[in-house]
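By convention in this document, chain letters (A, B, ...) are assigned in the order of the sequence lines, proteins followed by strands, and residues within each chain are numbered from 1.
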Amino acid sequence: MNLIEIKDLSKFFPVSRKIFARKSYVHAVDEVSLGIKKGEVFGLVGESGCGKTTTGKLLVRLMDPTGGAILFDGKNVSGLKGKKLMNFRKHVQMIFQDPYESLNPRFTVHGSVKEPLDIQRIGDREEREERIDSALREVGLTPPEAYYGRFPHELSGGQRQRLSIARAMVTNPDFIVADEPTSMLDVSIRAGIMNLMLKLRKELSLTCLFVTHDLAAARYMCDKIAVMYLGKLVEIAETEELIGSPLHPYTRALLSAVPVPDPTFERKRIKITGHVSTPIDPKEECRFLPRCPCSRDVCKERQPDLKEVRAGHWVACHFPER
Amino acid sequence: MADKMLEVKELKMYFQTKKGYVKAIDGVNFDVLKGETTGFVGESGCGKTSIGLTLLRILPDNAEIRGGEVLFKGGDLLGDDINEYVDLLKLSDTDARKIKWKGISMVFQAAMNALNPVYKVGDQIVEAIKFHEPDVTKEESRERVAKLFELVGMDPERMENYPHEFSGGMRQRAVIAMALSTHPKMIIMDEPTTALDVIVQDQIMNEIKKIQERLKMTMIYVSHDISVIAEVSKRMAVMYAGRIVEYADAVSVFKHPLHPYTKGLMASFPSIRGELKRLEGIPGEPPNLVDPPTGCRFHPRCPYAREICKKKEPKYREISTNHWVACHAEAGGV
């Protein structure tokens, strides 16, 4: 059963280059469809500017989609407004990349964790206190009383990110979008945060969209991975399947570019040339075409659709590697 | 023993702050061999970038060099013999300037933002050459820049472009070309690929490796990512809280890490290859360098810490040939 399902979800941003010219659009997310099962950690991987963060923000309705539908528990939430949107937000939360910027510097730890409860009007005073206490315990800020009065600047990066997670967990959401939650942290702290998220996921059977550029981290965290390129999903599969036998040339190039912590290992690089083409009014051709090492004529004529090539393995390529 | 390009002995550099001295580099010893890449790995604030800044003598005003020697083989730049070592810390400002760029050049972290937006990229590199080598004519330096562009994998025609017409990766390539433009004896790469996407990072790393091999460049490569260090460096130093805790050739460090911090660092990284292992991470947080822990600086986070580790600073010693470790327990406590 899919907790979240999106169908042909799009987000275009208008750009006006010349005053009288036709309006152009950046196709940040372009007809993306995917489903996330209950209790699943779903990875969304791609390079900067591919639209992965925008997709995450659309899913928690921090942005309004240009088109398409977002089904949450079977109900379309893409057009919700006012009170209904507020109610929906009880069920979803987001963890942001930079814990130095996502916390209000004038709020204490206690205040930061309490704020979502106040906004959502969850529980009475006593219950709120209980929830704050247990949320801080869950994320390892113990004893919670010792942290209550502290301000973000008195916490280290790792502690701040734990606080952001506590803040997201305190309303007991069903679905969380974690946008690069570890990329701003020091290496030795990262593993702790990733393990914390895995623990919470197990205990609370959380459903999570894990947005990252780091394939190795995605492999560690996720059950399933989707690879995004220029606003389009190019491949979706179970994690080990995707890492072990990637089919899209972009996925293969991406995987081959990840450095390996072994000085004796010789990596086989898959060379791709050129740069990401512009996301402004893209042409009706495969978006990866200018960089693809194995393109043919048909790739120029139409965009490939996302097709199920093997059980559970979806690829958008005219000639996926078999 | 191969030729030493650089020999650093007991280097100490502190930053003065309101809260006291931050001991950014606190007694560091290492050699850099000619024609080799030496990698420095560690977390933010461990002092790895400060080492580069100290070597080039481009420290901010509140920095104080508290002692040590930095012997650099570059006597010819000061009118001496080419095999003569000079102590970079003892040079006058004028002499230090002669070492900069001709002797040691540096590619900074996020250096792609260092290009001047209102000058053409090629002209900026020509200017750097003109400043450091006044006798080179304009035509010669333009030719040199064109060659360098090819070396770093760019079309020489792009010299006529402005920085905003370049992508992040291309700007980084241009900055690398600039660092190579004065034919330095040694080059310091400080996280040259950190702000870039995986594919671009990989291309640039590959380019750097090729250039290093082709020109037999002596290089210091600084990164927080052990995988990157594994790929580019011959030898490596692991830094923690202003000190080197382990130093050896990269293969030994990766195959037989001895220091508990090195081991912890390796167990913190997820890998894309091989079996999926549970990551252990390292408990606690890196220490505050104003008031670092007594004894071994890693002891509050070390799983093997004993009484002695809290009291006495471990000696930095050679445990097997060319494998240096600073840990009380023989062979890293296991």
Side-chain angles (χ1 to χ4, degrees), chain A residues 45-50 140 155-159 182-196 198 212-221 229 239-240 242-244 246 250 253-267 269-276 291, chain B residues 39 41-46 166-170 193 195-203 205-206 223-234 236 240 249-255 261 264-274 276-286 288 301:
Chain A
V45 177
E47 292 178 283
S48 48
C50 74
L155 304 176
S156 68
Q159 288 171 334
T182 60
S183 66
M184 296 294 289
L185 301 176
D186 251 326
V187 185
S188 67
I189 312 296
R190 268 184 216 176
I193 296 289
M194 288 201 278
N195 285 341
L196 168 67
L198 287 177
T212 183
H213 69 280
D214 183 346
L215 271 160
R219 181 189 180 206
Y220 187 64
M221 294 289 299
Y229 186 79
T239 301
E240 289 305 312
L242 187 102
I243 304 260
Y250 177 65
L254 204 58
L255 279 166
S256 83
V258 179
V260 175
D262 179 356
T264 52
F265 182 75
E266 272 294 320
R267 227 159 7 105
R269 286 184 165 87
I270 294 168
K271 274 224 171 117
I272 58 171
T273 49
H275 301 283
V276 184
R291 303 172 81 184
Chain B
V41 70
E43 293 173 89
S44 46
C46 73
F166 278 23
S167 67
M170 288 165 73
T193 60
L196 304 170
D197 274 320
V198 206
I199 291 180
V200 186
Q201 157 172 308
D202 186 50
Q203 287 166 348
M205 241 164 58
N206 200 21
S223 177
H224 68 281
D225 189 336
I226 50 164
S227 324
V228 170
I229 293 295
E231 299 219 346
V232 298
S233 46
K234 182 94 195 293
M236 63 185 281
Y240 185 76
D249 63 288
V251 178
S252 318
V253 175
F254 277 93
K255 297 286 172 201
Y261 177 66
L265 212 51
M266 287 180 186
S268 303
F269 264 90
S271 177
I272 203 82
R273 287 187 67 256
L276 196 60
K277 275 183 258 162
R278 193 186 145 77
L279 300 180
E280 294 305 332
I282 303 173
E285 312 267 347
N288 178 352
R301 304 174 76 186

Determine the minimum heavy-atom distance between [X] and [Y], stating which atoms define it.
{"X": "B:Glu285", "Y": "A:Ile189", "result": "OE1-CD1, 3.6 Å"}
{"X": "A:Val260", "Y": "B:Ala230", "result": "O-CB, 3.8 Å"}
{"X": "B:Ser227", "Y": "A:Pro259", "result": "CB-O, 3.6 Å"}
{"X": "B:Leu279", "Y": "A:Tyr220", "result": "N-OH, 2.9 Å"}
{"X": "B:Ser268", "Y": "A:Ser188", "result": "OG-CA, 4.0 Å"}

Taking [options] one by one, which has the highest count of heavy-atom pairs under 4.5 Å against chain A?
{"options": "B:Gly274, B:Pro283, B:Gly42", "result": "B:Gly274"}
{"options": "B:Val200, B:Asp225, B:Val232, B:Ile199", "result": "B:Ile199"}
{"options": "B:Arg301, B:Met205, B:Glu280, B:Arg278", "result": "B:Arg278"}
{"options": "B:Asn206, B:Asp249, B:Val253", "result": "B:Asn206"}
{"options": "B:Gly264, B:Pro286, B:Ser271, B:Gly284", "result": "B:Ser271"}

Gap between atom [atom2] of [Y] and atom [atom1] of [X] - 0.5 Å precision:
{"X": "B:Arg273", "Y": "A:Asp262", "atom1": "CZ", "atom2": "CG", "result": "7.0 Å"}
{"X": "A:Asp186", "Y": "B:His224", "atom1": "CG", "atom2": "NE2", "result": "8.5 Å"}
{"X": "A:His213", "Y": "B:Asp197", "atom1": "NE2", "atom2": "CG", "result": "7.5 Å"}
{"X": "A:Ser256", "Y": "B:Ile272", "atom1": "OG", "atom2": "CD1", "result": "11.0 Å"}

Per-residue contact mode, [X] against chain B (heavy atom under 4.5 angstrom):
{"X": "A:Gln159", "result": "both"}
{"X": "A:Arg190", "result": "side chain"}
{"X": "A:Asn195", "result": "side chain"}
{"X": "A:Ile243", "result": "side chain"}
{"X": "A:Ile193", "result": "neither"}
{"X": "A:Met221", "result": "neither"}

Heavy-atom proximity to chain A below 4.5 Å, by part of B:Met170: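 B:Met170 touches chain A through side-chain heavy atoms alone.
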What part of B:Lys255 gets closer than 4.5 Å to chain A, counting heavy atoms only: side chain, backbone, both or neither?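 Contact with chain A is through the side chain of B:Lys255 alone.
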Checking side chain to side chain contact (heavy atoms under 4.5 Å, CB included) for the pair B:Glu231/A:Phe265: CA distance, chi angles, key distance, verdict? CA-CA 8 Å; B:Glu231 299 219 346; A:Phe265 182 75; 5.7 Å; no
Does this structure show an ion pair linking A:Arg267 with B:Asp202, if we count only N-O contacts that are shorter than 4.0 Å?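 Looking at B:Asp202 together with A:Arg267, the answer is yes, because their closest N to O distance falls below 4.0 Å.
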For chain B, the option from A:Lys271, A:Arg269, A:Met194 that forms the most heavy-atom pairs under 4.5 Å: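 Option with the greatest count: A:Arg269.
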Which of A:Glu266, A:Arg219, A:Glu240 touches chain B most, by non-hydrogen pairs under 4.5 Å: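 Among the listed options, the one with the most contacts to chain B is A:Arg219.
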